[in-house]
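Since the structure comes first, as C-alpha cells, the remarks are kept for the end.
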Amino acid sequence: MEKTDFTKLANQRPNYFPGQYLLEEDFELQHKYISDRQRYYKKSLHVSGIIEGLKVTVKDSKEVTIGNGSAIDDNGNLIILAKAQSFKLNESNDVNSITDGIIYFKEDGIIYIKYSSELDKTTEQKEGESGTSRRWKEQPKIVFNSEVISKDFPPVKLVKLTRNKDGKIEKDESVRMYSGISLPNANGEALTLRSGGNANPNLAVLTGSLKIDGDLTVNGTGTSSFQGSLNVTGAITPSRGDSGSNGIMFPKNLGGGSGDAAWIRYYIREGKEEATTLEIGTSDNTDDHIALMPKLGGVGIGTNDPGNYKLNVQGNQYIEEDLTVNGGLSVKGTGTSSFAGSLTVNGGVGIGTKDPGNYKLNVHGNQYLSGDLTVNGGLSVKGTGTTSFAGGFTVKGAITPSKGNRDTHRIRFVSELEGGSGDAAWIRYYKREEGGEGNTLEIGTSDNTDAHIALMPLKGGVGIGTNNPNGYKLNVQGKQYLRGSLVIDGQILLKLPTPYKMIIKGTGLETEQDQVPRIWLNGERDADGERHKELSEFSRGIFSMILAPEPDGNVRGNDRIPYQERGWSKFDVYGQHQLWNEWAGWLDENARYGDLIAVVSKDSIGPVPKEGRADELLRKIKAGKIIEGSKSGYFKAMWRWPYALLFSWGAQRCLEELTEETESYAELICSYPEILPSEANRQLMMMGEEYHYVMSGVRVLSSMGGGARKGRT
C-alpha cells in the first residue's frame with residue numbers, strides 16, 4: 001500500500017462561537033477536514049471496487065446500460081451513480097472511447113467508472129461566471145479507454161466488452177472487482193478480504209494467512225479445498241465408518257488411472273461391539289503399495305518404541321510365504337540355533353546385540369583375540385568405560401572428540417598429577433548458552449593458582465587473529481581488552497602514524513599572477529608538483545578538497561599523508577553569496593567522519609549568509625574570522641582578502657586564516673592531531689614539540705613535529 005503523505009491532511013477544524021466572523025477559508029477547512037478523514041478511512045481500511053449495483057446490460061449489441069450503484073476507488077473517493085446511464089454502440093471510430101453518449105467500439109476493451117466533480121453552473125451567483133458557483137456537483141464518468149487510468153482519479157472496472165466470431169457484442173464480467181476490507185499490518189503490505197467476483201459471488205477471498213483462535217465450523221454439502229498447506233494445532237477428527245465417505249480419502253485416479261483409491265478409516269467390525277479396526281488401504285491393482293517411510297527411525301507393531309530397528313514387532317508373527325532377509329538376522333532364544341549348511345549373510349552379524357546396525361560384525365561384550373588384530377578401515381570404540389593403550393597410539397587421520405561443555409565432551413588429560421587433589425586439564429569445543437552462532441574452543445585447567453597454561457614456541461611465536469606472528473613472540477591482530485593489571489618487564493614500542501604536514505594557501509586580487517592558490521599534501525614542496533594541487537583552473541571564489549583516510553590508515557611512503565582525495569568542488573561565492581550554503585550542502589553529502597577538508601580562496605569571496613547551512617557549519621567548527629568578516633559593512637573591505645580554512649569533518653575546531661593584505665597569501669601549516677575530531681584524538685596529547693601516548697603511567701614518545709603556524713610569503 002502506498003505510504004500516506006500526512007502533511008497534506010488537514011489537522012485543524014473551525015471552532016464556532018456566538019458572534020464569530022466566518023471567512024471562506026473557514027468553511028473550506030471544515031469541508032477538507034471531514035473529507036480528508038473520510039477518504040483516508042476508506043482508502044486505508046477498504047479496498048477499491050464495486051460496493052453495490054452498477055450492473056451492466058447489453059441490448060442487441062447496440063446499447064449498453066450501466067445501472068445505478070456505488071464504488072470506492074484506490075484514493076478512497078466514494079463514487080455514486082445516482083441514475084442509470086445508457087450508451088449507443090458505434091463501430092465507426094478507430095479507438096475505443098465514449099463521446100456524447102456513444103461508445104465507439106473498435107476492439108475488445110474494458111468499461112470503467114471513475115470519480116469526477118465539477119462546479120454546478122445552476123448555482124452561480126453571477127450568471128456566466130463559473131467562479132461564483134456555490135456548489136460542487138459530483139457526477140462520475142463512464143470511460144472506455146485504458147489511458148484513463150491515472151493516479152489522481154483511478155477508475156474501477158465494470159465490464160469487458162468482447163466481439164464473438166459472429167460479430168455480436170458480449171459482456172465479460174470476470175473483470176469486475178468488488179470492494180472489501182483492508183487489514184493494515186507491520187510490513188505495509190495490507191491483507192485484503194473481498195468476494196470472488198461474479199464468478200464466485202458467495203466466495204470470500206483473503207489475501208494472506210488466516211489464524212482462528214476459536215472453533216471453525218463448516219456447514220456445507222460440497223467439498224472444502226485448500227490451495228496451500230493446512231496446519232492444525234488441535235486434533236483432526238474424521239467421521240467413522242467403513243465407506244468411501246468416511247475417514248480420510250486421498251485423491252482418486254492418480255496420473256489418469258481408473259479405480260485407484262487410498263484411505264485411512266476407523267470403524268466397528270460387523271457383529272462385534274468392541275472389535276474396531278484402523279484401516280490403511282489402497283485399491284485397484286497389485287502395483288498399489290502402502291509404504292511406511294521413517295527416514296531415520298523405525299516402525300513398531302505392539303510397541304511405540306521400535307528402538308534402533310526399522311521394524312520392531314512385539315508378539316507372535318505369522319508368515320505364510322517366504323521371508324527374505326537382506327540384512328542382519330538376530331535370533332533371540334533360549335535354545336540353540338543351528339544351520340546344517342553354510343550361512344550367508346548379506347547384511348551384518350550381531351553378537352550380544354540384535355541390531356548390528358551398519359556393521360558387518362557387531363559384538364557386545366568382552367572379546368578375546370589370541371592373535372593380531374588388523375583394521376584396514378576406521379576403528380570406532382563406543383563404550384561407557386575407559387579405553388586404555390599400554391603402548392603408543394598413532395592416528396594417521398583426524399581425532400574428533402565429542403562436542404559439548406561437560407567432562408565427557410573434551411580431550412581430558414590425566415587428573416591429579418603427582419598425587420594432587422582436584423587437578424584437571426582439558427580442551428573442549430561447545431556452543432555457548434546464549435545460542436546463535438556463538439561457539440567456544442576452551443583450553444582449561446582447574447584446582448588452584450599454581451595450575452598454568454603455557455604456550456611454548458621454542459624459537460617462533462604465538463599469533464592471535466593471525467597465523468603469522470612475523471618474528472614476535474606474541475602477535476595480536478585486533479582489539480584487546482585487559483581487565484586486571486599489565487606488568488611489562490621490557491620496553492613498550494608503539495607504532496604511531498608517520499608524521500605529515502599540510503600547507504594550504506589562499507590568494508586575493510592583488511597577489512602576483514604567477515602565484516595561484518595551492519594545497520600541499522605534505523611538508524615538502526616538490527619541483528615536479530606531484531604532491532600538491534595548483535588551483536589555476538577556476539576564476540574566483542573558494543575551492544574545496546575532501547581528503548579521505550586510506551582504507552588501512554597507513555602512510556604511503558615517508559612524505560605522503562595517510563589520506564587520499566575523495567572529491568573537490570569550486571563555488572563562486574563572490575558572484576552568488578548563497579553558494580556558501582550549497583558549499584555546506586556539498587560537504588554534507590560527500591564528507592565522512594574523519595575526512596580532512598581544505599578550503600582556499602582565489603581573487604574574491606563574499607559574505608556568508610546568516611542563519612544558513614554554511615553559517616551553522618562554520619559556527620560549529622568555530623571559524624570566527626570568516627563569520628565576523630561577514631558582518632554588514634566590515635566585509636566590504638575584505639572582498640579581495642585571501643582566506644584559508646582547514647578542518648576535520650566531525651570536529652568542533654578548525655585552523656583559519658583571513659589576511660588583511662590582498663597581495664599576500666593566507667597560509668596554514670599544520671600536522672594532523674591538531675584538527676582531528678576529539679574522539680579520534682583522545683589518546684594523543686600535545687606536549688611541547690612532541691606527541692605523547694600515555695599508558696598506565698608509562699610515557700611513550702614519538703616525534704611528530706611542531707604545532708600549527710601561519711604566515712605569509
Side-chain angles (χ1 to χ4, degrees), residues 1-54 68-83 112-143 147-158 177-194 207-208 581 585 611-613 616:
M1 185 172 65
E2 184 178 354
K3 292 184 178 179
T4 301
D5 186 357
F6 289 101
T7 62
K8 294 183 178 180
L9 298 180
N11 61 356
Q12 292 182 333
R13 66 180 188 273
N15 177 33
Y16 300 111
F17 55 87
Q20 181 181 8
Y21 179 68
L22 293 172
L23 300 176
E24 176 186 355
E25 62 183 23
D26 294 316
F27 292 101
E28 290 179 347
L29 177 62
Q30 178 71 61
H31 174 75
K32 177 172 173 55
Y33 180 85
I34 296 174
S35 61
D36 278 357
R37 277 154 175 75
Q38 287 179 334
R39 279 196 300 271
Y40 178 66
Y41 171 82
K42 291 193 286 285
K43 176 182 177 180
S44 303
L45 300 181
H46 294 274
V47 291
S48 64
I50 299 168
I51 300 176
E52 180 181 359
L54 299 178
N68 60 3
S70 61
I72 297 177
D73 67 15
D74 284 333
N75 287 342
N77 292 307
L78 181 61
I79 305 170
I80 296 178
L81 183 63
K83 296 181 180 180
Y112 302 84
I113 187 171
K114 72 172 188 175
Y115 176 86
S116 177
S117 65
E118 60 184 14
L119 292 172
D120 187 354
K121 295 182 179 180
T122 63
T123 63
E124 293 175 350
Q125 291 188 163
K126 295 182 180 180
E127 187 175 354
E129 295 185 14
S130 60
T132 63
S133 296
R134 293 179 289 107
R135 296 177 186 173
W136 286 91
K137 181 179 180 181
E138 294 186 356
Q139 179 62 40
K141 290 185 178 181
I142 308 297
V143 290
E147 295 180 358
V148 301
I149 299 176
S150 66
K151 182 178 180 181
D152 294 331
F153 298 106
V156 176
K157 295 178 182 179
L158 298 180
M177 189 66 74
Y178 289 84
S179 179
I181 299 173
S182 177
L183 304 176
N185 60 18
N187 61 18
E189 298 294 332
L191 306 177
T192 61
L193 179 65
R194 66 198 324 163
T207 60
N581 290 327
E611 299 180 354
R613 299 181 70 173
E616 181 182 351

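- A 4.5 Å side-chain heavy-atom check between L119 and W136 finds at least one atom pair inside the cut-off.
- Side-chain contact between T132 and E124: present, with at least one pair of heavy atoms (C-beta onward) separated by less than 4.5 Å.
- Atom NZ of K141 is surrounded by 12 or fewer heavy atoms from other residues, nucleotides or ligands within 6.0 Å.
- Counting heavy atoms from C-beta outward, I113 and K157 have side chains that stay 4.5 Å or more apart.
- For the pair K114 and P154, the tightest heavy-atom approach, listed with the atom from each and the gap, is CB-O, 4.4 Å.
- Residues D36 and A10 share a closest heavy-atom pair of OD2-N, 2.9 Å.
- Side-chain atoms of R194 come within 3.5 Å of backbone atoms of Y178 as a donor-acceptor pair (strictly under, hydrogens ignored).
- Aromatic rings of Y40 and F6 (six-membered ring for Trp) have centroids within the 6.0 Å cut-off, being under it.
- For the atom pair CD of E25 and NZ of K32, the computed distance is 13.5 Å after rounding to the nearest 0.5 Å.
- For the pair T123 (side chain) and R134 (backbone), a donor-acceptor distance under 3.5 Å is present.
- Between the side chain of D26 and the main chain of L23, a donor-acceptor pair closer than 3.5 Å is present.
- The shortest side-chain heavy-atom distance between S133 and T122 does not fall under the 4.5 Å cut-off.
- We find the CG-OH distance between L158 and Y112 to be 10.0 Å, quoted to the nearest 0.5 Å.
- Judged by distance alone, with hydrogens and angles left aside, the side-chain atoms of S179 form no donor-acceptor pair with the main-chain N or O of I72 at under 3.5 Å.
- Put simply, the side chain of N75 never gets that close to the backbone of N77: no donor and acceptor are under 3.5 Å apart.
- When all heavy atoms are compared, the tightest approach of L54 to S70 is CD1-O, 3.5 Å.
- Using modelled atom types, one finds a donor on one side chain and an acceptor on the other under 3.5 Å when comparing S48 with D74.
- A 6.0 Å sphere centred on CZ of R37 holds more than 12 heavy atoms belonging to other residues, nucleotides or ligands.
- L29 has its side chain within reach of Q12: a pair of non-hydrogen atoms, C-beta onward, lies under 4.5 Å apart.
- The heavy-atom pair separating D120 from K137 by the smallest distance is CB-CB, 4.1 Å.
- Remark: Q38 CD to L78 CG distance equals 8.5 Å, nearest 0.5 Å.
- By the neighbour-count criterion of 12 heavy atoms within 6.0 Å, atom CG of L9 is densely surrounded, having more than that number from other residues, nucleotides or ligands.
- Taking each heavy atom of K42 and G76 in turn, the nearest pair found is CE-O, 2.9 Å.
- The heavy-atom pair separating D73 from Y115 by the smallest distance is OD2-CB, 3.9 Å.
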